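Data block below; observations after.
Order of the sequence lines fixes the chain letters, A, B, ..., with proteins taken first and strands second; residue numbering starts at 1 for each chain. Fair warning: this is a prediction, and the values are worked out from it, not measured in the lab. Side-chain atoms are counted along with the backbone in the values below, which use heavy atoms only and exclude waters and symmetry mates.
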Number of protein chains: 2
Amino acid sequence: MLELHLVQNSLLKKVLESIKDFVTDANFHYSATGCSLQAMDSSHVALVVLLLRAEAFELYRCDRNISVGMNLNNMSKMLECAGNDDAIRIKADDGNDTITFVFESPTQRKVSNFEMRLMDIDSELLGIPDLEHHAIVKMPSVEFARICKDLSNIGDTVIISVTREDVTFSTIDDIGSANIVCSQNAAVAKPEEATVIELNEPVSLTFSLRYMNLFTKATPLSNTVTISLASELPAVVEYKIAEMGHVRFYMDPS
Amino acid sequence: MLELHLVQNSLLKKVLESIKDFVTDANFHYSATGCSLQAMDSSHVALVVLLLRAEAFELYRCDRNISVGMNLNNMSKMLECAGNDDAIRIKADDGNDTITFVFESPTQRKVSNFEMRLMDIDSELLGIPDLEHHAIVKMPSVEFARICKDLSNIGDTVIISVTREDVTFSTIDDIGSANIVCSQNAAVAKPEEATVIELNEPVSLTFSLRYMNLFTKATPLSNTVTISLASELPAVVEYKIAEMGHVRFYMDPS
DNA sequence: GCCGCTGTAA
DNA sequence: TTACAGCGGC
């Protein structure tokens, strides 16, 4: 028996928007501590990891560990049927192959019940170790999204180079080349506008812009994004969900 | 000789927007009392009825009954060439196969003349009797539109069930099922936000969501929509035009 | 100035 | 069919 209450449906909508273009079907794993999801994209190039701690929910009841396989597009369609201010209740009974979403409008005048067929999906929760990256860049998420979008108009890959003073995003292609330098600036009015670099060792690594642009779908989840790099490790692009979890994308350098 | 003046071009634009995706060509029938139009969609599944009383116009001159056949897409394109605040004059001379639209900007600095070729279309004005429906639901038009759009993300048909307390819209499809319950609530601050049910007999009928979504194009015409149902009658979905007329859609249950 | 929607391109 | 971009409305 799984039962969740969430006052802000918009949070769940954003989470699904951020990953549904990346993987079509995935298992949500529920345990006593919260909800998690891990999935590779269909080309097995990148990995997405979602974590939503139990505290994210007004009610979180999960009697035993359970995996719920869903088509994320269909789930997203159903969540889209709820207003952003609707409260949402999620229920899945043991031994039932459906999950139920109940949406209540703020006035409770309109109550919607959506039932979705579950899927059987093979997947294991991998234990992902905390990686020791050489360079960690924290910057405004919209700025990062804009840079990736702009550079993808020029080339297919982005070279991310980090020094103690700044982070540079560059690309080279037939039509020309571009590089965008963002200086560290911690001393800014609003902390979410800061660009902060933690550096053990300078790095310069190349990544697929197509995938970076898929990652930036998570921008609405957080004002800031954290990009962690090391030459012999996958990069991690992380969007924190207000102390309640995160969406992380892992991708090897090309 | 037909001559009409209308201060608010936006009204006519909305009327055309509401029916042009439904029928491509139709006759406007003008008589002393006003303007009316009746047309089936091309698949003969549903009927649209437009009535604009003479009082809707600042000037309404119609010397004798006249039918004016027009391609609604072309007419709509021309109306789109006028600003929402423009005044519009419409003229059709007897024995002429064109109709003239004159748009005047509020300052009268800009005057536009559009002339459109008329069409010869076979059509009769049917006498449509006032039907005695078992259930009449009046609700906010945007809410109805939202429900139809949401449910069409899940399935192809909507089952509308009305009891004395509430109206339920539901659908079933491969990916799951959904039902949305709207309680009656007459005691609301603004009357246009009320949901009011008049019931002689509970009904539960199934309709094409594709067509319902075509009907809801008329949403900008009115804050409220009235849905009239009876098991052996076509449903009527009506959008009133501020005491000056209405757009009604008729469709048999599937 | 921001959000939503429509139309176009991949 | 799905994702991106440009335009219009609030």
Side-chain angles (χ1 to χ4, degrees), chain A residues 8-11 13-14 16-26 41-43 45-46 48 71-86 140-156 158 171 173 175 190 192-193 208-221 223 249, chain B residues 8-14 16-22 72-73 76-86 103 105-106 140-143 145-150 152-156 173-175 190 192 210 213-214 216-223:
Chain A
Q8 279 285 349
N9 172 46
S10 57
L11 172 66
K13 279 165 83 164
K14 285 179 195 164
L16 260 97
E17 285 299 317
S18 72
I19 57 179
K20 81 180 167 63
D21 295 332
F22 189 83
V23 266
T24 54
D25 305 309
D41 77 290
S42 57
S43 315
V45 169
V48 60
N71 176 294
L72 299 186
N73 271 298
N74 291 342
M75 179 176 174
S76 179
K77 276 182 193 167
M78 291 200 169
L79 294 181
E80 286 302 323
C81 296
N84 283 331
D85 301 328
D86 288 7
S141 57
V142 288
E143 185 174 18
F144 177 63
R146 175 66 194 257
I147 289 169
C148 291
K149 183 172 139 291
D150 286 349
L151 290 185
S152 67
N153 282 331
I154 314 293
D156 296 327
V158 57
T171 192
D173 196 72
I175 71 167
K190 301 173 189 169
E192 67 266 26
E193 288 174 3
S208 150
L209 274 171
R210 181 176 131 63
Y211 276 88
M212 283 294 175
N213 278 320
L214 287 176
F215 301 167
T216 60
K217 305 267 169 154
T219 301
L221 283 172
N223 288 323
F249 298 95
Chain B
Q8 280 284 350
N9 172 46
S10 57
L11 173 65
L12 210 50
K13 278 165 81 166
K14 285 179 195 166
L16 259 96
E17 284 299 315
S18 73
I19 57 180
K20 81 179 168 62
D21 295 331
F22 189 85
L72 299 186
N73 271 298
S76 178
K77 279 180 193 166
M78 291 200 169
L79 294 181
E80 287 301 325
C81 296
N84 283 332
D85 300 328
D86 287 8
F103 309 128
S105 67
S141 57
V142 289
E143 185 173 17
R146 173 70 195 257
I147 289 168
C148 290
K149 184 174 139 288
D150 283 348
S152 67
N153 279 332
I154 314 291
D156 296 326
D173 196 72
D174 298 341
I175 72 166
K190 303 172 187 169
E192 68 265 27
R210 182 177 128 65
N213 278 321
L214 287 176
T216 60
K217 303 267 163 129
T219 302
L221 284 171
S222 174
N223 288 325

Find the distance [X]:[atom1] to [N]:[atom2] and express it as a whole number of Å.
X: A/Asn213; N: D/dT2; atom1: CG; atom2: C1'; result: 15 Å
X: A/Glu80; N: C/dG4; atom1: CD; atom2: P; result: 11 Å
X: A/Asn153; N: C/dA10; atom1: CG; atom2: P; result: 13 Å
X: B/Asp21; N: C/dG7; atom1: CG; atom2: P; result: 9 Å
X: B/Glu17; N: D/dG9; atom1: CD; atom2: C1'; result: 14 Å
X: B/Lys77; N: C/dT6; atom1: NZ; atom2: P; result: 17 Å
X: A/Arg146; N: D/dC4; atom1: CZ; atom2: P; result: 15 Å
X: B/Asn84; N: D/dG9; atom1: CG; atom2: C1'; result: 10 Å

Go through the steps for A/Met75 and A/Leu16 under the test side chain to side chain contact (heavy atoms under 4.5 Å, CB included), then give the verdict. CA-CA 8 Å; A/Met75 179 176 174; A/Leu16 260 97; 3.5 Å; yes

Indicate, with a heavy-atom threshold strictly under 4.0 Å, whether A/Lys217 touches base, sugar-phosphate, or nothing.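 Counting heavy atoms under 4.0 Å across all strands, the contact made by A/Lys217 is with sugar-phosphate only.
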
What do you reckon, is CG of B/Asp156 surrounded by more than 12 foreign heavy atoms closer than 6.0 Å?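 No, not enclosed.
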
Taking CG in A/Asp173 as the centre, count heavy atoms belonging to other residues, nucleotides or ligands within less than 6.0 Å. Is the count above 12?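 Enclosed.
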
Distance in Å, A/Lys20 NZ paired with A/Asn74 CG, rounded so as to fall on 0.5 Å steps: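 Rounded to the nearest 0.5 Å, the NZ-CG separation comes out at 11.0 Å.
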
